[in-house]
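Some notes on the structure that comes next.
We're numbering straight along the sequence, starting at 1. Just so you know, these numbers use all the heavy atoms, side chains as well, and skip hydrogens, waters and symmetry mates.
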Amino acid sequence: QVQPVESGGGSVQVGGSLRLSCPTSGYMYRITCMGWFRQAPGKEREAVATVSTSSGTTYYRDSVKGRFTISQDNGKNSLFLQMNSLKPEDTGMYYCASTRDVCSDYVRERMLAGDIGVWGPGTQVTVSS
């Protein structure tokens with residue numbers, strides 16, 4: 001199965017910034033909902049931010065609101081996650097995922113459960129103090 005491949009991860013200090021990228025074409029037809037998910041060591045995977053590709057409606061988990069911005073560049077066929085004011089608790093493997101379902105809490109849960117969606121292999125983000 002063709003996957004999106006994330007890029008842009010790395011190691012930064014507290015307060016630093018990173019920008020993650022993910023392609024939006026070449027692996028799924030009619031993507032409706034795309035997003036970024038993360039998994040910290042010893043913790044469950046969680047949704048960080050999603051965007052409805054047609055309406056542009058965004059979702060952010062509370063802990064990243066005001067610090068992270070999800071965006072899509074249709075001209076470059078890319079999805080981005082701009083992460084500012086990074087904290088140690090932001091450390092984890094970050095995944096890009098897409099589905100043909102409309103973004104909602106239920107769809108995010110199904111994506112996390114592995115029922116729907118196409119996932120990338122992930123990119124590591126490490127924030128050190």
Side-chain angles (χ1 to χ4, degrees):
Q1 183 180 19
V2 179
Q3 294 177 305
V5 178
E6 305 90 342
S7 62
S11 296
V12 296
Q13 293 190 326
V14 170
S17 298
L18 285 172
R19 189 191 196 205
L20 306 183
S21 299
C22 171
T24 59
S25 64
Y27 57 91
M28 177 178 278
Y29 182 60
R30 289 184 180 175
I31 294 174
T32 303
C33 180
M34 293 195 69
W36 293 94
F37 300 75
R38 69 185 180 190
Q39 186 166 20
K43 295 188 177 181
E44 293 186 351
R45 193 173 295 189
E46 60 188 17
V48 176
T50 60
V51 61
S52 296
T53 57
S54 57
S55 68
T57 302
T58 57
Y59 157 86
Y60 295 95
R61 69 179 304 103
D62 287 345
S63 61
V64 307
K65 287 180 180 177
R67 300 188 298 121
F68 291 11
T69 302
I70 188 170
S71 62
Q72 49 183 341
D73 185 332
N74 294 329
K76 295 182 179 180
N77 294 321
S78 295
L79 180 74
F80 303 102
L81 184 67
Q82 178 66 44
M83 305 186 295
N84 298 327
S85 302
L86 284 161
K87 304 176 180 180
E89 51 264 41
D90 295 317
T91 294
M93 187 69 78
Y94 281 70
Y95 302 89
C96 171
S98 306
T99 180
R100 284 189 284 267
D101 300 85
V102 176
C103 283
S104 68
D105 289 343
Y106 176 65
V107 166
R108 282 184 285 273
E109 290 176 2
R110 290 189 65 197
M111 294 174 76
L112 287 167
D115 294 340
I116 57 174
V118 176
W119 291 75
T123 184
Q124 179 67 37
V125 171
T126 303
V127 185
S128 58
S129 56

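Criterion: ILVMFWY side-chain heavy atoms under 4.5 Å apart, direct or through other members. Under it, V14 and V64 are part of a common hydrophobic cluster. Residues V12 and L81 fall within the same hydrophobic cluster, defined by Ile, Leu, Val, Met, Phe, Trp and Tyr side chains chained together at heavy-atom separations under 4.5 Å. Cluster membership for V125 and I70, using ILVMFWY side-chain heavy atoms within less than 4.5 angstrom, is shared. V48 and V118 fall within the same hydrophobic cluster, where Ile, Leu, Val, Met, Phe, Trp and Tyr residues are linked whenever their side-chain heavy atoms come under 4.5 Å apart, directly or through other members.
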**OP:** Check the pair D62 / K65 against salt bridge (Lys or Arg N to Asp or Glu O under 4.0 Å), numbers first and verdict last.
**Re:** CA-CA 5 Å; D62 287 345; K65 287 180 180 177; 3.0 Å; yes
**OP:** Please step through side chain to side chain contact (heavy atoms under 4.5 Å, CB included) for the pair V107 and T32, ending with a clear verdict.
**Re:** CA-CA 11 Å; V107 166; T32 303; over 6 Å; no
**OP:** I would like to know whether R45 and Y95 meet side chain to side chain contact (heavy atoms under 4.5 Å, CB included); could you show each step before the answer?
**Re:** CA-CA 9 Å; R45 193 173 295 189; Y95 302 89; 3.5 Å; yes
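Counting only distance, with no hydrogens or angles, the side chain of T57 and the backbone of S52 share no donor-acceptor pair below 3.5 Å. With hydrogens and angles disregarded, no donor-acceptor distance shorter than 3.5 Å links the side chain of E46 to the backbone of R38.
For the ring pair (Phe, Tyr, Trp, His ring centres under 6.0 Å) condition, no pair includes a residue of residues 47-80, sequence neighbours left out. Contacts classified as side chain to side chain donor-acceptor pair (under 3.5 Å) and involving residues 101-111 (residues at least two apart or in different chains) are given here: T50-R108, T99-D101, D105-R108.
Looking at heavy atoms from C-beta onward, Q72 lies out of side-chain contact with M34 at the 4.5 angstrom threshold. C103 is not listed as a side-chain neighbour of V51, based on a closest heavy-atom distance of 4.5 Å or more.
With values rounded to the nearest 0.5 angstrom, M83 atom CE is found 11.0 Å from T69 atom OG1. Atom CD of Q82 is separated from atom CG of L18 by 8.5 Å, given to the nearest 0.5 angstrom. For the atom pair T126 OG1 and M93 CE, the distance stands at 8.5 Å (nearest 0.5 Å). Between the OG atom of S78 and the CG atom of L20 there is a distance of 12.0 Å, given to the nearest 0.5 Å. Rounding to the nearest 0.5 Å gives a distance of 10.5 Å between CD1 of I116 and CZ of R100. Between L86 atom CG and S11 atom OG the span is 11.0 Å, to the nearest 0.5 Å.
Considering only residues two or more places apart in sequence or on other chains, F37 meets the ring pair (Phe, Tyr, Trp, His ring centres under 6.0 Å) condition with W119.
Nearest heavy atoms, Q124 versus T91: NE2-CG2, 4.1 Å. Summarising the geometry of P23 relative to V5, their closest heavy-atom pair is CD-O, 3.3 Å, with the distance given to 0.1 Å. P4 and P121 make their closest contact through O-CD, 3.3 Å (heavy atoms, listed as atom of the first residue, atom of the second, distance). For the pair N84 and S17, the tightest heavy-atom approach, listed with the atom from each and the gap, is OD1-OG, 2.9 Å.
Counting non-hydrogen atoms of other residues, nucleotides and ligands closer than 6.0 Å to CD of E89 gives a total above 12.
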